[in-house]
Amino acid sequence: MTHHKEEIIRVRFAPSPTGHLHIGGARTALYNFLYARHAGGQFILRIEDTDVERSEQRFVDAIIHDLQWLGISWDEGPVFQSDRLDIYREYVEKLLEQGRAYRCYCTPEELERKRKKAVAEGKRPGYDGTCRNRKLPGEGPFTVRLKTPDTGSVSFTDVLRGEVVWQCQEIEDFIIMRSNGIPTYNFTAVIDDALMGITHVIRGDDHIANTPRQLLIYRALQFEPPVFAHIPLIVGPDRAPLSKRHGAVAVSAFREMGFLAEAMVNYIARLGWGYGDQEIFSMEELIELFDVKDVNRSPATFDIEKLRWMNSHYIQQKRPGELAGLLKPFMDKRGLPCPSGDSKFLMLVRELQPRAKTLDEMAEGAAFFFRAPEFYDDRGLRKFCGKEGRQYLRMIRNELAQLSSSASRDEIQKVFEKVMETTGAKMIKLAQPVRLALTGKTVSPGIFEIIEILGVEEAVKRIDLLLQYIKENEIS
RNA sequence: GUCCCCGUCGUCUAGCCAGGUCAAGGACACGGGCCUUUCGAGCCCGCGGCACGGGUUCAAAUCCCGUCGGGGACACCA
């Protein structure tokens with residue numbers, strides 16, 4: 001998408017701090033960011049906090065934190081609309097003076113009643129214009145409404161959809177300033193976009209119906225409107241816009257589930273956009289290749305399975321050392337240490353890399369490193385720790401006990417080969433009981449590897465523990 | 001109700017603007033196989049789609065019209 005003028009591209013992301021940054025907002029922010037970086041333009045963060053009832057500082061902090069985590073940075077801001085009320089009022093005043101807007105004294109109750117009546121009669125539930133033609137000044141609190149044209153049309157060329165036309169008669173005299181003196185979204189967005197020199201507005205599809213209203217404000221103020229690109233919403237499996245009832249939607253929730261920022265960015269970018277057959281994109285590649293005009297026009301369904309696959313890809317790409325650092329909160333959660341400098345722990349991380357789809361799963365898989373099993377997998381016990389299995393356990397235990405504490409993987413493997421040879425047993429008959437002894441589970445990384453990681457001394461201790469447990473619980 | 005947007009495998013996406021090389025390609029998921037000490041990872045194979053109906057054309061996923069289906073807006077929320 002190219003702008004017709006020789007000017008610096010300026011885009012913005014304008015969340016309202018009434019909740020956490022969710023997947024959809026993150027994608028909008030990302031697309032704006034990518035577009036700005038690609039064009040060598042500027043990206044502005046603007047906090048739309050004109051809803052004083054619902055805006056909260058903690059959400060501002062959380063949104064900023066999440067954007068930073070994703071690697072999305074901005075050149076200006078955060079700009080708070082609540083700091084700019086005087087500016088908006090100045091423009092409201094101007095429109096009032098020019099007769100392009102008027103004061104409305106209708107009460108919310110009255111309006112609600114009229115709206116219901118209109119709907120009941122099958123009419124359009126728009127404002128009926130009571131105060132538009134009011135001769136005498138009203139009393140009490142008032143809102144300010146824009147006087148919209150009765151005839152003609154407004155249109156704009158959307159980057160994704162082409163020409164979109166609206167008949168002005170479809171647009172009621174909507175409120176631009178509330179009775180509490182704070183202007184509404186449509187008004188503040190226009191003033192800010194115009195004053196901040198925003199050249200391209202990239203935002204969610206749900207704003208498409210706001211655009212003609214905003215265009216009327218641009219017209220009344222004689223500002224030149226920016227280029228608009230309305231990107232489709234992200235939907236749930238039921239094709240309804242993604243929301244809390246679909247489960248986790250907050251970026252922070254995905255971080256807490258153990259998803260990597262790289263995977264989130266890659267997945268979100270790829271959701272609604274593609275570049276040939278390529279699936280994996282770094283932020284640099286995205287900046288290079290992404291263009292808003294290539295975004296799909298139809299809504300995309302959020303699919304956590306594909307996100308998990310991507311996360312697994314990035315987990316496998318990472319250096320064990322870095323991964324160990326990222327694991328910290330997930331180990332903390334389990335009351336376990338996270339010795340990211342410990343070479344044995346790093347070896348374990350390396351073994352876990354192709355086995356964990358999230359950091360949380362990896363932490364779970366690493367738990368046995370720090371504590372002997374508290375219980376053993378029941379089915380595994382019955383299947384592998386019968387009389388025969390116990391015999392193998394004892395033999396391996398005794399062989400391992402002969403090894404030095406720094407025994408290598410090869411030496412450990414030789415122990416198993418020797419026992420296999422003397423007993424004629426298959427590897428699985430030996431490996432599973434030992435795995436149970438060391439981890440309590442029937443699944444884990446390779447058995448030689450985990451003995452090496454744990455150390456033969458600890459391995460022997462845990463085998464003894466299992467033997468003891470079996471004796472005490474009289475398992476046959 | 002009125003207005004607006006959307007419609008390629010279950011899901012994401014390539015192809016559509018510039019009709020033929022598309023008996024529609026890739027990825028996730030799913031099924032099977034190989035490997036193998038479990039699980040996973042990896043590799044190989046498979047399943048599966050142009051919403052429907054007309055039209056234009058020698059030729060349509062691509063252009064036109066209609067139908068159906070999904071979603072959004074119509075707030076003193078953004």
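Here is how names work: the chains are called A, B, and so on, in the same order as the sequence lines, proteins then strands, and each is numbered from 1.
One finds no side-chain N or O of A:N296 lying less than 4.0 angstrom from the OP1 or OP2 phosphate oxygen of B:C12. The side chain of A:R308 contributes no N or O atom lying less than 4.0 Å from OP1 or OP2 of B:C28. Applying the 4.0 Å criterion to OP1 and OP2 of B:C12, one finds that A:T301 has a side-chain N or O inside that range. Side-chain nitrogen and oxygen atoms of A:R297 include at least one within less than 4.0 Å of the OP1 or OP2 phosphate oxygen of B:C6. Between A:T50 and B:A78 there is a side-chain N or O to OP1 or OP2 distance below 4.0 Å. Phosphate proximity of B:G40 to A:R350: absent, as no side-chain N or O sits under 4.0 Å from OP1 or OP2.
Cation-pi contact between A:R103 and A:F142: present, with separation from the ring centre below 6.0 Å and deviation from the ring axis of at most 45°. Both cation-pi conditions hold for A:R145 and A:Y127: the charged atom is under 6.0 angstrom from the six-membered ring centre and inside a 45 degree cone around its axis. A cation-pi contact links A:R213 to A:F174, judged by a cut-off of 6.0 Å to the six-membered ring centre and 45° from its axis.
Going from atom CG of A:L215 over to atom P of B:C3 covers 20 Å, rounded to whole Å. Going from atom CD of A:E364 over to atom C1' of B:C39 covers 14 Å, rounded to whole Å. Atom CG in A:N186 sits roughly 11 Å away from atom C1' in B:A73 (whole-Å rounding). One interatomic measurement links the two molecules: CG of A:D303 to P of B:A29, which rounds to 9 Å at whole-angstrom precision. Atom pair A:D377:CG and B:U38:P shows a separation of 16 Å (rounding to whole Å applied). Between the CG atom of A:L111 and the C1' atom of B:A75 there is a distance of 10 Å, given to the nearest Å. Atom NZ of A:K357 is separated from atom C1' of B:C28 by 11 Å (rounded to the nearest Å). Between A:L438 atom CG and B:C39 atom C1' there is a gap of 15 Å when expressed in whole angstrom units.
B:C43 and B:C28: their P atoms are spaced 9 Å apart (whole Å). Annotation: B:G19 and B:C58 have their P atoms spaced 15 Å apart (nearest Å). Here the separation of B:C9 from B:G26, taken at their P atoms, is 16 Å to the nearest Å. Between B:U2 and B:U67, the distance separating the two P atoms is 14 Å to the nearest Å. A gap of 25 Å separates the P atoms of B:A18 and B:C4, to the nearest Å. B:A51 and B:A61 have their C1' atoms separated by 12 Å, with the value rounded to a whole Å. Using atom C1' as the reference point in both B:G20 and B:G15, the two lie 14 Å apart (nearest Å).
Residue contacts for A:E112: at a heavy-atom cut-off of 4.0 Å it reaches no nucleic acid atom on any strand shown. A:F302 comes within 4.0 angstrom of nothing in the nucleic acid, heavy atoms only. Here A:R270 lies in heavy-atom contact (under 4.0 Å) with a base. Backbone-only engagement by A:P299 is indicated by non-hydrogen atom pairs under 4.0 Å involving sugar-phosphate atoms exclusively. Residue contacts for A:L271: at a heavy-atom cut-off of 4.0 Å it reaches the sugar-phosphate backbone alone, with no base atom in range. Counting any heavy atom pair closer than 4.0 Å across all strands shown, A:G272 reaches sugar-phosphate atoms only and no base atom. Heavy atoms of A:G446 sit under 4.0 angstrom from at least one base atom. Nucleic acid contact for A:K441: none, since no nucleic acid atom lies under 4.0 Å from a heavy atom of the residue. A:P445 comes within 4.0 angstrom of a base, heavy atoms only. Nucleic acid contact for A:A209: sugar-phosphate only, since backbone atoms but no base atoms lie under 4.0 Å from a heavy atom of the residue. Residue-level contact check: A:E279 touches the bases, meaning some heavy atom is under 4.0 Å from a base atom.
Looking only at side-chain heavy atoms (C-beta outward), A:N186 and A:I217 come within less than 4.5 Å of each other.
Donor-acceptor pairing under 3.5 Å, judged by distance alone, is present between the side chain of A:R435 and the base of B:U37. For a distance-only test at 3.5 Å, the side chain of A:D206 fails to qualify as a donor-acceptor partner of the base of B:A73. With hydrogens and angles ignored, no donor-acceptor pair under 3.5 angstrom links the side chain of A:Q278 to the base of B:G26. Between the side chain of A:D277 and the base of B:G25 there is at least one donor-acceptor pair of N/O atoms closer than 3.5 Å. Checked by distance alone, A:S179 brings a side-chain donor or acceptor within 3.5 Å of a matching partner on the base of B:C76.
With hydrogens and angles left out, the side-chain atoms of A:D192 and A:Y88 include a donor and acceptor closer than 3.5 Å. If you check the side chains of A:E285 and A:Q278, you find a donor sitting under 3.5 Å from an acceptor.
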Test side chain to side chain donor-acceptor pair (under 3.5 Å) applied to A:H246 and A:D238, step by step = CA-CA 9 Å; A:H246 289 107; A:D238 57 355; 2.7 Å; yes
inquiry  = Working note: A:E279 + A:K306, criterion salt bridge (Lys or Arg N to Asp or Glu O under 4.0 Å); need CA distance, chi angles, decisive distance, verdict.
reply    = CA-CA 11 Å; A:E279 294 288 347; A:K306 186 153 184 179; 3.1 Å; yes
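Side chain of A:P354, nearest nucleotide from B:C6, B:G40, B:U37: B:G40.
With A:D173 as the fixed residue, the salt bridge (Lys or Arg N to Asp or Glu O under 4.0 Å) test singles out one of A:R100, A:R132, A:K147: A:R132.
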ask   = How would RNA chain B look in dot-bracket form, 5' to 3', counting Watson-Crick and G-U wobble pairs with both distances under 3.5 Å and writing | for bases paired to another strand?
value = (((((((..((((......[....)))).(((((.......)))))....(((((..]....))))))))))))....
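Classification of the A:H313-A:W309 ring pair by plane angle, with boundaries at 30° and 60°, yields tilted.
Nearer to the 5' terminus of RNA chain B, by closest-nucleotide assignment, is the contact made by A:K306 (compared with the other of A:K306 and A:A431).
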